[in-house]
Amino acid sequence: MRYTSKEMMVICAARKIRNTDIVFCGTGISVLAAVTAKCWHAPGCTILFETGAVDPSLEDLPLAVGDPRVMHRASAFCSLAETLAFLQNPKTARHVVGILGAAQIDCYGNLNSTRINNGESGEVRLPGSGGACDMASSAGRKIVFMKLERRRFVEKLDYLTSPGWLQGGNTRERHGLPGPGPCHVITDRGIMEFEEGSRRMVLSRYYPGESVRDLAARVEFPIDVESSKEAFAPTEEELAVLREKADPEKLILD
Amino acid sequence: MRYTSKEMMVICAARKIRNTDIVFCGTGISVLAAVTAKCWHAPGCTILFETGAVDPSLEDLPLAVGDPRVMHRASAFCSLAETLAFLQNPKTARHVVGILGAAQIDCYGNLNSTRINNGESGEVRLPGSGGACDMASSAGRKIVFMKLERRRFVEKLDYLTSPGWLQGGNTRERHGLPGPGPCHVITDRGIMEFEEGSRRMVLSRYYPGESVRDLAARVEFPIDVESSKEAFAPTEEELAVLREKADPEKLILD
Amino acid sequence: MDSSDSKIYSLAGAISRFVKSGDHISLGGFTINRNPMAAVHEIIRQKVKDLHLYVHSNGQGLDELVGAGAVRRVEAAYCGNGRFAPTCICFRRACRDGEILVEDYTNHQMALRFLAGSMGVPFLPAMSSAGTDILHQQGFDKEVRNSDPAIPPAKLEVMDDPFARPGAVADRVVLVPAVNPDVTLIHAQKADMYGYTVIEGLTFSDAEQVKAAKKVIVTCEEIVGVESLKKRPQSVAIPGFCVDAVVEVPFGAYPTACYRYYDYDPVFLEWYRKTAAEAETFSDYVNGFIHGTGDHDEYMEKTLAGKGASVLLADPDKGYSVRIKRKS
Amino acid sequence: MDSSDSKIYSLAGAISRFVKSGDHISLGGFTINRNPMAAVHEIIRQKVKDLHLYVHSNGQGLDELVGAGAVRRVEAAYCGNGRFAPTCICFRRACRDGEILVEDYTNHQMALRFLAGSMGVPFLPAMSSAGTDILHQQGFDKEVRNSDPAIPPAKLEVMDDPFARPGAVADRVVLVPAVNPDVTLIHAQKADMYGYTVIEGLTFSDAEQVKAAKKVIVTCEEIVGVESLKKRPQSVAIPGFCVDAVVEVPFGAYPTACYRYYDYDPVFLEWYRKTAAEAETFSDYVNGFIHGTGDHDEYMEKTLAGKGASVLLADPDKGYSVRIKRKS
């Protein structure tokens, strides 16, 4: 069974979604993960866009969370203020799984989506937090999607937009942030988790065919790869759901 | 032209409503005042119920602000939180005219609608603030409707529910309340205002046929009646609007 | 989702599963509109006691619960039934006799308390009540507040705007503490099996009361198909994930109104005013009409005494009855 | 009300009356949806400068205003166009070149800032951003904040929950200051002559942005009769008394989408991405397409170059076009 690393990322994320989850997703591969889960093992999960569309049918994939395609056959519409509050609301927050992307991540899972300092060529501005810092600050589970590249997995962020485990240990709690830091970083080559206690990033799974040494070389900071195992390849059924139901037009998978 | 004191109260209040006002009204004679103004000299005013109904047609008079009759042919529906915020919003608040009732009023226009201490027979509980304290606290103009009775115009309130001019002078400002205290107290026998500076209640108008001395005797605290004048009787047109358009069923006027 | 995710309950089942003595509960609706009366009666039938009750401006539901002795504490902005009872009747008696403790807030403050609960923030700022007894008098003393961790340690807190410009007089705001009830009960027009709920007409504070609660029971006139709501998401006030139980109870707000379905019953409300005025006659009502009936259908039958509910049915254009006599 | 209370303006008339250089303005919409583009172009045409711009998550409107040099400061949660421009293009260049100052907030914080403005409170509490550079880094320094009394003296303030129980760890909240723009501009589907406005589909932060503003311009696809809205008050997002000018501008959100009317134009947005990438080609666009046209009809004609807008028209069931090619 052939599959791309993008498909593997989507399926690894989809597997983390449970039937009672409220999935806060963006566009691109994060919405594919949500749709794949909903069409497969988690039909009861609710897909929620930060723009306020609750559980739309997603017959046509949105190219932005503001795309009118998130409105079609939604079950409810909320304002932005109402929607983001579900991340904090004590009843809903514990069901939330947030899927985030960023330009940079550090060893504690802190994220930068605001700006990159490119030395001489100056600042490269990025779009800013959007809902990322809200998701990362709140209770519930957070999954990060990142391409595994040295310029992305950095020793020091140029700007800390979204809190991970902050400086590790219990610093997150000490800053008064509700709930835990990210649980998984899903990349195109493997999956990272955060060690109990220190909250430093460790390699948890490498995708079939990847070398652990190569993965570690793609991270600027030291990363423990000792306890990593090979990830399960996507099953035929998972791939069929992803390709035929979630993105039949190949808008995102191509 | 014969008319009742209730009709006189309604018409006196209606005269204070301007074309650009947002009229926060309750039920009973306050809604009649709003409808009379809207049907007569202030067609552009917006009637707003604290329950969130904006500018309904009021073909049938509501018996409570939660009566479904406030919903018929409204121009918009707001939640309670949204509606009450219009009292504070800097753009809308200055157009608001609030019409309030209460069980007791003191010489500074402070109001009680929470409870009466009846000596031996104990506490008589009243409904509580509802939107009264919010209206009285906010910017905009406030008109109070009260029956002129000694047990209502009291030296000392049993409970201060809604702020008037508090202890007079600039005490309202010192407490940080936005906007002024009440401008008029419209009773069944005359109209009171609040003296510049001291902010004590003074008699401004007595209705045709009333004696100033009798009016003063119906107030527990000393009240200046020196500069009071006779109020203008309702015109035929005003009465016609009130009786034929505002309350043709005589639900409230009877 | 599929039918295994259904939240449909019987009313008796929902109340016995989610409401227990000592709970902090919150009732939706406003004065004579959309009080969850069938649910209130079932709470009384199941002899739930010692409730801590939050309402915004209620109304018939509050008064019957208080009259039946199910309530020990109330937090509210307004306790009345409009022209039918400017102050709620059993409520007034219970206050006089010291049977309940009442903490008074303003309309906006109570709306903000539910909103704060729904937003997952500990407080929101209000601009009302400086200089008043709402700010200065306490319905719950320190001992009461210490006795129950679900009650915040203070009624209100005053603070100055930290964003005031240096040298300027800071706005003074009154912070209101969030309410997060154990259970919120509302009555709505329509809901689907997953809890997506349509409130027609004014929503009052119902959506916020629902979102603020740990558990939520929605009674509704009709359970409708999931597809029918997906055609009009704009009319859905409450997402399904906020709701735990959906119960179809036609006339579930009776004797209060349910916009587009039926009006309040002025005949009953007048009769209730007289009946509730004395503890004895009210007790007869509770025994005869609530404990004496097995469910809401029986209650309706007994209350309407064979007259039928048709006079109350809403005019399709106006949304309320054009046939009831409202002049007393 | 009668026609003397009408708020109908021409677009040029509304902009020249209500928007002036140096104003704090706020744009509605979200990324590629319902940006008030006709109004943005008219602001550029009228050579308004030095704007202090608030947006939530914008989008095409922000980028064209910034590119045209009309903006000196931005406060926002997100500046991107989804897949068409993950970061807004002129915006990125202006940041690099130090032409604008940007103050960053989160999505929820920005939504709460508009909500605070709409509520008439000086701040609201948020639960996000502790430990981050959003809290610790300032886009506006003290000097900038002191230079303009409409900017609050601090970006954010941290406080502990005053309702925490004694002995318990208090929740830490981040207070966000209210935004009260001089002018808010939104594009909606329908409005009546008095300003009652219908937003179909998601409302984003538009209603709060409107209520927070001193003056409000609503552009809309259609001005509809007062009676037609009185049949569906539930769909009205904005009461008339919040609005100062109503302008009918068909395709007024183009090239962004307007649910149930038309889709975003992927062909234009791709072309725009390349055009905006260089200051020179962007300047040609501004001169040719904005200054070179007299109004939005002419702009549309020039932009669509005779192809017509029909391919963008919304499918009546789906609310967006089923005919555009979205794959690049």
Side-chain angles (χ1 to χ4, degrees), chain A residues 17-24 37-49 51-59 68-97 134-135 137-140 176-179, chain C residues 1-7 18 26 114-124 150 178-184 190-199 203 207-216 224-244:
Chain A
I17 294 169
R18 303 168 193 156
N19 197 50
T20 52
D21 281 349
I22 300 168
V23 189
F24 248 82
K38 198 168 167 79
C39 293
W40 183 234
H41 63 280
C45 77
T46 303
I47 297 177
L48 180 54
F49 289 93
T51 41
V54 183
D55 214 32
S57 66
L58 299 174
E59 288 158 32
R69 283 153 192 80
V70 304
M71 304 181 198
H72 182 51
R73 297 185 70 249
S75 293
F77 290 151
C78 300
S79 73
L80 294 172
E82 288 167 343
T83 308
L84 276 290
F86 290 129
L87 293 170
Q88 301 173 177
N89 177 302
K91 177 172 180 170
T92 55
R94 63 203 166 87
H95 295 292
V96 167
V97 53
D134 301 309
M135 262 187 265
S137 295
S138 73
L177 285 170
Chain C
M1 298 200 203
D2 54 38
S3 59
S4 68
D5 299 306
S6 166
K7 295 170 180 171
F18 295 110
S26 172
F114 293 126
L115 181 60
S118 79
M119 290 168 67
V121 293
F123 61 83
L124 282 174
V179 171
N180 287 106
D182 294 310
V183 192
T184 284
K190 297 179 174 76
D192 74 12
M193 65 191 290
Y194 304 125
Y196 288 90
T197 301
V198 173
I199 299 176
T203 59
E208 293 86 350
Q209 286 175 279
V210 161
K211 291 176 187 171
K214 298 186 183 80
K215 297 290 175 189
V216 170
V224 295
V226 172
E227 285 306 308
S228 82
L229 298 190
K230 286 215 166 241
K231 285 187 193 120
R232 46 176 196 147
Q234 221 142 4
S235 68
V236 174
I238 297 161
F241 51 72
C242 299
V243 175
D244 298 278

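Numbered from 1 within each chain, the chains take letters A, B, ... in sequence-line order.
Only the side chain of A/T92 comes within contact range of chain C, with at least one heavy atom under 4.5 Å from a heavy atom of that chain. Using a 4.5 Å cut-off between heavy atoms, C/K211 contacts chain A through both its backbone and its side chain. Within the 4.5 angstrom heavy-atom criterion, no atom of C/A237 approaches chain A. There is no contact between C/D192 and chain A, counting heavy-atom distances below 4.5 Å. Looking at A/L84, there are no atoms closer than 4.5 Å to chain C (heavy atoms on both sides), in backbone or side chain.
For the atom pair C/K230 NZ and A/S75 OG, the distance stands at 3.0 Å (nearest 0.5 Å). To the nearest 0.5 Å, atom CD of residue A/Q88 and atom OG of residue C/S118 are 10.0 Å apart. Expressed to the nearest 0.5 Å, how far CG of C/D5 lies from CG of A/N19 amounts to 5.0 Å.
Contact annotation: the side chain of C/F241 approaches that of A/L48 to within less than 4.5 Å [non-hydrogen atoms, C-beta and beyond]. Counting heavy atoms from C-beta on, the side chains of C/C242 and A/F86 come closer than 4.5 Å.
Here C/V236 is the residue among C/I238, C/V236, C/L229 with the most heavy-atom pairs under 4.5 Å with chain A. Among A/H72, A/E82, A/R73, the residue with the largest count of heavy-atom pairs under 4.5 Å with chain C is A/R73.
The heavy-atom pair separating A/A74 from C/P233 by the smallest distance is O-CB, 3.4 Å. Annotation for A/V54 and C/P239: closest pair CG1-CB, 4.5 Å, computed over non-hydrogen atoms.
The backbone N or O of C/M119 sits nowhere less than 3.5 Å from a side-chain atom of A/N89 that would complete a donor-acceptor pair. No side-chain donor-acceptor contact under 3.5 Å links A/K91 to the backbone of C/A212.
Residues satisfying the ring-ring contact (aromatic ring centres under 6.0 Å, His included) criterion with C/F114, sequence neighbours excluded, are absent altogether. Residues meeting the ring-ring contact (aromatic ring centres under 6.0 Å, His included) test with A/F77, sequence neighbours left out: none.
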side-chain contact (heavy atoms from CB on, under 4.5 Å) between C/Y194 and A/T46, worked out: CA-CA 11 Å; C/Y194 304 125; A/T46 303; over 6 Å; no
